[in-house]
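Shown next, in structure tokens, is the structure this report addresses.
Because only heavy atoms are used, hydrogens play no part in the values below, and waters and symmetry mates are left out as well, while side chains stay in.
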Amino acid sequence: KIYLWPRQGVTAVTIGKQNNGFNLNGKSYVAIEGFLIQGQWGGVRDFGKGVGITSSASGSSNIIIKDNEVARTYSFEKAAAVRFTGTNVIIEGNYIHDTQGNTGISMGGVQVTVRNNTVDHVGYVGIWFMDLNGGVIDHNIVTDIKGTHSNAISVYSSGTVVLTSDIVVSNNQVYDSDRALTFDYVNNLMVYNNVFDGAANSWGGMTGYLRVFNNVFAQGMSLLLTGPPGNNISELTVKNNIIHKGTGGNWTTHEYNLY
């Protein structure tokens, strides 16, 4: 037998049957605001399922996802609790927590802003940009990201060709996470005013500029600038940071850092 004692005041208990909460594939000019979204699930080979809010098609545009709580989702295939590909998308003020297997927020597309969100205790990556042009990750709090191969904030391209460009990671706080920041195969990345309580690593493949200003790296920073296919960075500037330990790599400009 299985017994359920609901919280005081609960008058009904339901069993969810949906793999995803909101599906905005191909939709435009939509705002999702103020919802509690929970209990979505995706099993073995259920790719893209177990998601609270999703749009996996690039046709979605002018979307606002604001002030929602997404929690207690499950994805065996590590789909994100908020998973979006689109143009002119804002993810703001959401609380995403206690997911099993899921990434917190995963974004692709053009002109995407992820700001003022709290991501806590998710099963894979906290905030993940992949194949995105023109993106901002700003004023988020990311905590307790310790799943297998998980990172608090990641900026990648899918493969060994640069498909992600013009990204800003700013004013974020990352605590209690094994890897606070990871990135590779990005053209033009700026990282400033963040607190990273966890390792920060680059896996190579960078192009354009890499600018790292005014950050705290409590567990060190390592910038890999060699290896196939290597990097083609025109500017690598590391200034005004506090770096507890780790190595920097071949910096074009490095000054006013405290080690």
Side-chain angles (χ1 to χ4, degrees), residues 20-38 40 48 50-73 75 78-99 102-145 150-156 164-174 177 180-181 183 186 189-191 193-194:
N20 298 325
F22 289 90
N23 189 332
L24 301 181
N25 278 350
K27 304 299 190 295
S28 297
Y29 298 98
V30 176
I32 305 295
E33 183 173 355
F35 285 88
L36 169 61
I37 307 165
Q38 62 182 350
Q40 289 72 37
V51 178
I53 305 172
T54 184
S55 173
S56 58
S58 59
S60 298
S61 64
N62 300 291
I63 303 294
I64 298 174
I65 309 298
K66 185 177 180 181
D67 296 337
N68 303 284
E69 180 179 355
V70 184
R72 292 171 286 277
T73 58
S75 173
K78 298 181 173 59
V82 176
R83 174 177 178 262
F84 227 92
T85 299
T87 301
N88 296 329
V89 179
I90 297 174
I91 311 294
E92 181 177 8
N94 302 282
Y95 178 32
I96 301 167
H97 63 98
D98 296 296
T99 70
N102 299 78
T103 285
I105 300 170
S106 177
M107 305 299 298
V110 180
Q111 297 301 322
V112 171
T113 298
V114 175
R115 64 189 179 209
N116 297 319
N117 302 281
T118 297
V119 180
D120 175 62
H121 194 61
V122 299
Y124 197 39
V125 179
I127 300 174
W128 190 348
F129 276 12
M130 176 81 81
D131 300 348
L132 192 155
N133 293 318
V136 176
I137 302 172
D138 182 67
H139 276 101
N140 302 282
I141 298 174
V142 185
T143 57
D144 195 20
I145 311 297
S150 60
N151 314 304
I153 297 175
S154 290
V155 183
Y156 293 150
T164 297
S165 66
D166 301 313
I167 305 298
V168 175
V169 179
S170 57
N171 302 300
N172 301 286
Q173 299 177 53
V174 175
S177 301
L181 173 68
F183 53 90
V186 180
L189 174 62
M190 182 177 291
V191 181
N193 290 355
N194 302 280

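- To the nearest 0.5 Å, atom CG of residue N116 and atom CD1 of residue I91 are 12.5 Å apart.
- Rounded to the nearest 0.5 Å, atoms CG (N20) and CG (N25) are 9.0 Å apart.
- Within the 3.5 Å criterion, the main-chain N or O of S60 finds no donor-acceptor partner in the side chain of S55.
- Looking at N102, its side chain does come within 3.5 Å of a backbone N or O of A79 through a donor-acceptor pair.
- With rounding to the nearest 0.5 angstrom, the CD1 atom of I137 is 7.0 Å from the CD1 atom of I167.
- Only one option out of T54, I63, V51 pairs with F84 in a side-chain contact (heavy atoms from CB on, under 4.5 Å); it is I63.
- Take H97 and apply the ring pair (Phe, Tyr, Trp, His ring centres under 6.0 Å) test, not counting sequence neighbours, and it matches Y95.
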For this session: Might you work through the side-chain contact (heavy atoms from CB on, under 4.5 Å) test for D138 and S170, ending with a clear yes or no?
Result: CA-CA 5 Å; D138 182 67; S170 57; 2.6 Å; yes
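- Side-chain N or O atoms of N68 include none that pairs as donor or acceptor with a backbone N or O of I37 at under 3.5 Å.
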Taking only distance into account, with no hydrogens and no angle test, what donor-acceptor pairs under 3.5 Å do side-chain atoms of residues 105-114 form with protein atoms, sequence neighbours excluded?
none

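- Going from atom CD1 of I145 over to atom CD1 of I127 covers 8.5 Å, rounded to the nearest 0.5 Å.
- Between N172 and the options N117, N194, N193, a side chain to side chain donor-acceptor pair (under 3.5 Å) holds for only N194.
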